[in-house]
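Presented below is the structure to which this report refers.
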Amino acid sequence: MRVTKIVLTGLVLLIIAVSCNNKYNKVYKSKDYEYKLKMADEFFAKKKYKVAQQLYEELFPVFKGTVKFEELYYKDAYCFYYMKDYLQAQQLFKGFLEVFPNSPKAEEVDYLHAYCFYKQSPKLELEQVNTTKAIGMMQTFINTHPGSERIKEATEIIDKCRIKLEQKEYRSAELYYNLGQYRAAALAFTNLMNNYPESPSGDEYKLKIVKAWYKFAKLSFEEKQIERFEKVTSEYQDFADRYPESKLLKEAESYSNLSQNHIKVIKNEQTTSSVKR
């Protein structure tokens, strides 16, 4: 009984598939372009975007230059967007703006063009070219459409992209630190602070700078240590000026105190050595 039900279900699905294919083939083979366009719009409305897109693509040269071309182009781009082929969608939205710069849909399409870059933003581990482009494109959108209702969304996307880039840069700086490349780590965390001055993690980055310079100084040749321990104290002073209320301030101060102690020891040893001579 169970096997019979499975067979019957399979037959029903096969009949439906054949029926659909026959319907699609009829549309594809038709020379009535108005009929094809109508069917493409129906497929689009029914969210059969792959079928609709294939028909729109075929109709491009037919309706180019006519009053129906704008809507056809617009829906063709949306087909790729809904199919999550954001690279193709992005290119088509760009093309739409070039062909129809004064379209009532221009603002919407301009936003979607930028949004496609955001949707192509990769995992944190990969290069963030599209993330950076998304920021630039969204900022351009804001500048071009100052009264748009989408400005809030565009701003939120810029913020998300900046957070992602900040995380990426943080991982790189942290990697230097974990590998014991303390000078490179200190410089990387300094760049991170400069690139994201409003970051809520600013005091954490600054503490890393203090610690990295301290560790770098400890590993340095003696003739370079005083200068480098002084750098630790200097960075601590900058920390205290920037983040006087930070919970991390005492930890940063401890590295400054250690550095000053090291400087005293080195100077005393230098004085003793000089006297002996």
Residue pair Y205, Y196: steps toward the ring-ring contact (aromatic ring centres under 6.0 Å, His included) verdict: CA-CA 10 Å; Y205 302 155; Y196 304 95; 8.3 Å; no
From CD (Q128) to CD1 (I135), nearest 0.5 Å: 9.5 Å
Exceeds 12 heavy-atom contacts within 6.0 angstrom, atom CD of E223: yes
D41 vs Y56, side chain to side chain donor-acceptor pair (under 3.5 Å): CA-CA, chis, key distance, verdict: CA-CA 9 Å; D41 289 340; Y56 287 137; 2.6 Å; yes
4.5 Å side-chain heavy-atom contact, K84 and K119: no
Check: R183 and Y176 side chains under 4.5 Å, non-hydrogen atoms: no
Minimum heavy-atom distance between A77 and L92, given as atom pair plus value: CB-CB, 3.6 Å
Polar side-chain atom of N143 near backbone of Q139 as donor-acceptor pair, under 3.5 Å: yes
Value rounded to 0.5 Å, distance of CD1 in I158 from OG1 in T131: 13.0 Å
Heavy-atom pair of closest approach, residues K267 and I226: CG-CD1, 3.9 Å
Separation of L124 CG from Q167 CD (nearest 0.5 Å): 5.5 Å
Closest non-hydrogen atom pair between A212 and A185, with its separation: CB-CB, 4.3 Å
Residue from Y86, F80, Y78, Y115 passing ring pair (Phe, Tyr, Trp, His ring centres under 6.0 Å) with F93: Y78
Side chain to side chain donor-acceptor pair (under 3.5 Å) assessment of N195 paired with E169: CA-CA 10 Å; N195 292 337; E169 201 169 328; 2.9 Å; yes
Sole candidate of K133, K164, K160 that passes side-chain hydrogen bond (donor to acceptor under 3.5 Å, both in side chains) when paired with S121: K164
From L55 atom CG to K50 atom NZ, the distance as rounded to the nearest 0.5 Å: 13.0 Å
Residues in side-chain hydrogen bond (donor to acceptor under 3.5 Å, both in side chains) contact with E253, at least two apart in sequence or another chain: none
Side chain E174, main chain Y170, donor-acceptor under 3.5 Å: no
Considering all heavy atoms, the nearest V99-Y73 contact: CG2-CE1, 4.0 Å
Student check: side-chain heavy atoms of M138 and E153 closer than 4.5 Å: no
Working for side chain to side chain donor-acceptor pair (under 3.5 Å), residues S220 and Q225: CA-CA 6 Å; S220 299; Q225 283 189 320; 5.9 Å; no
Distance in Å, M137 CE paired with I142 CD1, rounded so as to fall on 0.5 Å steps: 12.0 Å
Side-chain touch E70/S103, heavy atoms, less than 4.5 angstrom: yes
Pair Q237-T233, side chain to side chain donor-acceptor pair (under 3.5 Å): steps then yes or no: CA-CA 6 Å; Q237 291 297 336; T233 300; over 6 Å; no
hydrophobic_cluster_shared for Y49 and M39, side chain cutoff 4.5 Å: no
E57 and Q53 side chains, donor-acceptor separation under 3.5 Å: yes
Co-membership, hydrophobic cluster, residues L207 and Y182, 4.5 Å side-chain: yes
Within-4.5 Å side-chain heavy-atom neighbours: P122 and E127: no
Transitive ILVMFWY side-chain link Y33 to F44, under 4.5 Å: yes
Pairing of E235 and K231 as salt bridge, 4.0 angstrom limit: yes
Cluster link F117 to Y111, ILVMFWY, side chain under 4.5 Å: no
I151 side chain near H145 side chain, heavy-atom distance below 4.5 Å: no
Nearest atoms (heavy-atom pairs only) where A240 meets L249: CA-CD1, 3.7 Å
Heavy-atom check, side chain of Q260 versus side chain of E230, under 4.5 Å: no
E166 and R162 ion-paired at < 4.0 Å: no
Side-chain touch Y243/L248, heavy atoms, less than 4.5 angstrom: no
F229 and H262 aromatic ring geometry - parallel, tilted or perpendicular at 30°/60° bounds: parallel
From K206 atom NZ to S201 atom OG, the distance as rounded to the nearest 0.5 Å: 15.0 Å
Salt-bridge criterion met for D238 and R242 (N-O under 4.0 Å): yes
Geometric cation-pi criterion K48 and F43, 6.0 Å radius, 45° cone: no
Over 12 foreign heavy atoms within 6.0 Å of NZ, K105: yes
Test side-chain contact (heavy atoms from CB on, under 4.5 Å) applied to F100 and F69, step by step: CA-CA 10 Å; F100 305 105; F69 187 54; 3.6 Å; yes
Residues E108, R150; criterion side-chain contact (heavy atoms from CB on, under 4.5 Å); working and verdict: CA-CA 9 Å; E108 173 193 354; R150 295 182 175 87; 3.6 Å; yes
Distance-minimising heavy-atom pair for A40 and A52: O-CB, 3.5 Å
Common cluster, Y74/V51, ILVMFWY with side-chain heavy-atom separation under 4.5 Å: no
cation_pi(K208, Y177) dist<6.0 Å, angle<=45: yes
With E156 via side-chain contact (heavy atoms from CB on, under 4.5 Å) - residues at least two apart: K152
